[in-house]
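We name chains A, B, ... by the order of the sequence lines, and we start the count at 1 in each one.
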Amino acid sequence: MRSVIEQIRSSIEEGLGLALEKLARDLQLETLPQVILERPNQRVHGQWASNLALTITKQAKLPPRQIAQLLMENFHDRSGLVQRIEIAGPGFLNFHLSPAWRAEAVAEILAQGDRFGSCDIGRQEKVLLEFVSANPTGPLHVGHGRGAAVGSALASILQAAGYQVTCEFYLNDAGNQINKFSHSLEVRYRQALGQDVQLPEDGYHGEDLAELMARLAAEKQDSLLALPEPELRKALVSYALPLKVAAIRRDLEEFGVRFQSWFRESSLHPAAIEEAVGELKDRGQLYENDGALWLRSTDFGDDKDRVVIRDNGVPTYLAADIAYHKDKYDRGYDRLVNIWGADHHGYIARIKAAARSLGYDPEKLSIIIVQMVNLFRDGQAVIMSKRTGQLVTLSEIVEEVGKDSARFFFLMRSSESQLDFDLDLAKEQSDRNPVFYVQYAHARICSILRQAREQGVEPPAAGVEPLSLLKTPEEELLMEELAQLPLVVGEAASRMEPHRLAHYAQELAGQFHLFYNRCRVLGAEEELQGARLLLISASRTVLAKTLSLLGISAPERM
RNA sequence: GCGCCCGUGGCUCAGGGGAUAGAGCGACUGACUACGAAUCAGUAGGCCGCAGGUUCAAAUCCUGCCGGGCGCACCA
């Protein structure tokens, strides 16, 4: 089902399309542009505008305003909600809607409740959304936090936009870094037993591993040292790895992030990798050089060819990742989406090249790059170093500033911009903190509704009629803002940009606060009071829905 | 050197072919004996990094430069 605002838009687009076709016949135009409506940035320009006349002025060999005039004469509106069309500026067509549209839009919100905001641009396509996928060799840090926030919000948004979404975490539980992991574990275990051994330079220096091994040492003393080294390391990994994975899972849950699927890299070893490599070989995409097997990724736009099987016969990380992506493609999704940190952007070309080499459509695979996060405390950048294990973990952030604030900060900027995360601001419970601004609007509404109940004031049955009483500019602006949600969800989904929802939340909250300061709800004349109660109730629904799409709570009291 | 991202009011960032470039914070001035002042109103503040080009129209697209970040492994 399409929302009122979408129906109006498509009705105008359709009418304009027909007008254009007629004009094209009269003037014998050949190529017709697509009719796209835009929201004018100024209210005096109406609710919708089209630049159609400007785009065909050259072809038509007529001045744009004259074309606009012809289009306007040929235009018929099916929705019945277009009140007036004007030609403005260089040749824009501005569509002004009749006031009833706002009441209809708000009535729809009240009728749909938290289902409002959905749209169907996804047409139930199946999407596999992979994100976080951190190595289970250490805790999640801030960077993972941003990826987790963006991924989980995007999942909700895509779902609301009519996609079937599966969230997947790719668990690197095999390969070289597990070897390094096991080495570090052994060192930590021996250290816990009092031995003087040092971590390798490229080992995992986090304190978390030392703690784990101290616990194990307390439990088993030195009994494990009787094992030969490979067995010892294996035993340490099988003790530590599940605990690390569980810790990651717990940190994510506390951050409001859940995965339907945890895909283990180890499940690809060796059969799936051999199969993928075999297929590349059959397709002539591999060659041998210096004892290693190389993928001809330069054929498909990569900077250089890549080793798939090392000269010692061990597959590279890329080989596993190719097998993993082959598996994803073979599972039959319509779209694959990966969210990667900016430090992995150089990897895009080779994985896309690999997909093409296997005969898959690389267009199906989108990779969202999330830029780095810089933490600030007391106005100073917080220095982090992965090598020395000196990093701020996600759980520390959540503990310090709270889940809601952390999520909002991660989500309020475009993913492709670096993010300055001000810890002091994020935990500040004041008007400087945007997340409180939005939540406060919601709490304020709840407070009014609570008092209305206590006073025995009943809002009227929801419908167009009572809502038509709302005529002040603040009321109209609020109603218009509320109606936008399905469009914002659609844009955020199709562009895969969750930050649009965070911006919308702030705008909507702002519009509500403005209304609140200008228009008295309780104590207004009875019918108007009723209408306003309906309006704030719809506002509550839309604010709560927007926040829930972002994974942020909508408190009734603060 | 090559590749990707970013450069927009003092600060942090939206806008990514269209009409007078927006918001928040910060600064200044105002608004609570009525529903939550965690709010609202107003003022000041911009050659949208620079230079070319494409276009009826460029912050937006193209090219080149200049800054900043991140990558450039038979690591993951």
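When the side-chain contact (heavy atoms from CB on, under 4.5 Å) test is applied to A:Tyr440, the partners found at least two apart in sequence or on another chain are A:Arg444, A:His513, A:Met558. Listed by chain and number, the residues in a salt bridge (charged side-chain N to carboxylate O under 4.0 Å, His left out) with A:Arg146 amount to none (sequence neighbours excluded). Every residue two or more places apart in sequence or in another chain was checked for a salt bridge (charged side-chain N to carboxylate O under 4.0 Å, His left out) with A:Glu527, and none qualifies. Annotation: salt bridge (charged side-chain N to carboxylate O under 4.0 Å, His left out) contacts of A:Arg43 (sequence neighbours excluded): A:Glu476, A:Glu480. By the side-chain contact (heavy atoms from CB on, under 4.5 Å) test, A:Ala492 pairs with A:Ile157, A:Arg500, A:Leu501, sequence neighbours left out. Taking A:Arg495 as the reference, nothing meets the side-chain hydrogen bond (donor to acceptor under 3.5 Å, both in side chains) condition, with sequence neighbours excluded. With sequence neighbours excluded, the residues that form a side-chain contact (heavy atoms from CB on, under 4.5 Å) with A:Ile309 are A:Val277, A:Leu293, A:Pro315. Judged as a side-chain hydrogen bond (donor to acceptor under 3.5 Å, both in side chains), and not counting sequence neighbours, A:Arg453 has no contacts.
Side-chain nitrogen and oxygen atoms of A:Ser414 include none within less than 4.0 Å of the OP1 or OP2 phosphate oxygen of B:rC13. Note on A:His499: a side-chain N or O is less than 4.0 Å away from OP1 or OP2 of B:rG15.
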When you compare the protein's N or O atoms with those of nucleotides 17-21 of chain B, which come within less than 3.5 Å of each other, and at what distance?
{"from": "B:rG18", "atom 1": "N7", "to": "A:Asn51", "atom 2": "ND2", "distance (Å)": "2.7"}
{"from": "B:rA19", "atom 1": "N6", "to": "A:Asn94", "atom 2": "OD1", "distance (Å)": "3.0"}
{"from": "B:rA19", "atom 1": "N1", "to": "A:Asn94", "atom 2": "OD1", "distance (Å)": "3.1"}
{"from": "B:rA19", "atom 1": "N1", "to": "A:Asn94", "atom 2": "ND2", "distance (Å)": "3.0"}
{"from": "B:rU20", "atom 1": "N3", "to": "A:Gln42", "atom 2": "OE1", "distance (Å)": "3.3"}
{"from": "B:rU20", "atom 1": "O4", "to": "A:Gln42", "atom 2": "OE1", "distance (Å)": "3.3"}

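Here the P atom of nucleotide B:rU12 and the CZ atom of A:Phe410 are 18 Å apart, to the nearest Å. Here the C1' atom of nucleotide B:rA14 and the CZ atom of A:Phe409 are 16 Å apart, to the nearest Å. When rounded to the nearest whole Å, the span between CD of A:Glu497 and P of B:rC13 equals 16 Å. Taking atom CG on A:Leu419 and atom C1' on B:rA14, their separation rounds to 14 Å, with Å as the unit. Between the C1' atom of B:rA76 and the NE2 atom of A:His325 lies a distance of 14 Å, rounded to the nearest Å. Rounded to whole angstrom, the span from the NE2 atom of A:His345 across to the P atom of B:rC72 amounts to 8 Å. Separating the CZ atom of A:Arg413 from the C1' atom of B:rG24 is a distance of 8 Å, rounded to the nearest angstrom. Whole-Å rounding puts the A:Phe512 CZ to B:rC40 C1' distance at 12 Å.
Projected onto RNA chain B by closest heavy-atom contact, A:Lys58 and A:Asn176 fall at different nucleotides, the more 5' of which corresponds to A:Lys58. Across the interface with RNA chain B, nearest-nucleotide mapping of A:Glu265 and A:Ile369 shows A:Ile369 to be the residue nearer the 5′ end.
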Take nucleotides 33-39 of chain B nucleotide by nucleotide from the 5' end and write B, S or -, depending on whether a protein heavy atom sits under 4.0 Å from the base, only from the sugar-phosphate, or from neither.
-BBBSBB
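Comparing the same atom, C1', in B:rG16 and in B:rG22 gives a spacing of 14 Å after rounding to whole Å. The gap from the C1' atom of B:rC48 to that of B:rG15 amounts to 11 Å, rounded to the nearest Å. Taking atom P in both B:rC66 and B:rA51, the straight-line distance is 15 Å, to the nearest Å. Distance noted for atom P between B:rG7 and B:rG17: 14 Å (whole Å). Of the P atoms belonging to B:rC11 and B:rC5, the separation is 25 Å, rounded to the nearest Å. Comparing B:rG10 with B:rA44, their P atoms sit 15 Å apart, to the nearest whole Å. Taking atom C1' in both B:rU55 and B:rC61, the straight-line distance is 10 Å, to the nearest Å. Spacing between B:rG18 and B:rU54 at atom C1', rounded to whole Å, works out to 16 Å.
Salt-bridge formation is detected for the pair A:Glu130/A:Lys328: a Lys NZ or Arg NE/NH1/NH2 atom is positioned less than 4.0 Å from an Asp or Glu carboxylate oxygen. Using a 4.0 Å cut-off between charged nitrogen and carboxylate oxygen, A:Arg356 and A:Asp299 do not count as a salt-bridge pair.
By the 6.0 Å contact criterion, CD on A:Gln34 is open, its count of non-hydrogen atoms from other residues, nucleotides or ligands being 12 or less.
Here the nucleotide nearest the side chain of A:Tyr347, chosen from B:rC74, B:rA76, B:rC70, is B:rA76. Taking every side-chain heavy atom of A:Asp420 into account, B:rU12 is the closest of B:rU12, B:rC70, B:rA73.
Sequence neighbours left out, not one pair with a member in residues 55-65 of chain A passes side-chain hydrogen bond (donor to acceptor under 3.5 Å, both in side chains).
In this structure, B:rC47 is classed as anti because its glycosidic torsion departs from zero by more than 90°.
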Output the pairing pattern of RNA chain B as a dot-bracket string, 5' first, Watson-Crick or G-U wobble with both distances under 3.5 Å, | for cross-strand pairs, [ ] for crossing pairs.
(((((((..((((....[...)))).(((((.......))))).....(((((..]....))))))))))))....
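The residue A:Arg65 sits apart from the nucleic acid: no heavy atom pair falls under 4.0 Å.
The aromatic rings of A:Phe512 and A:Tyr516 lie tilted to each other, with the angle between the two planes from 30° to 60°.
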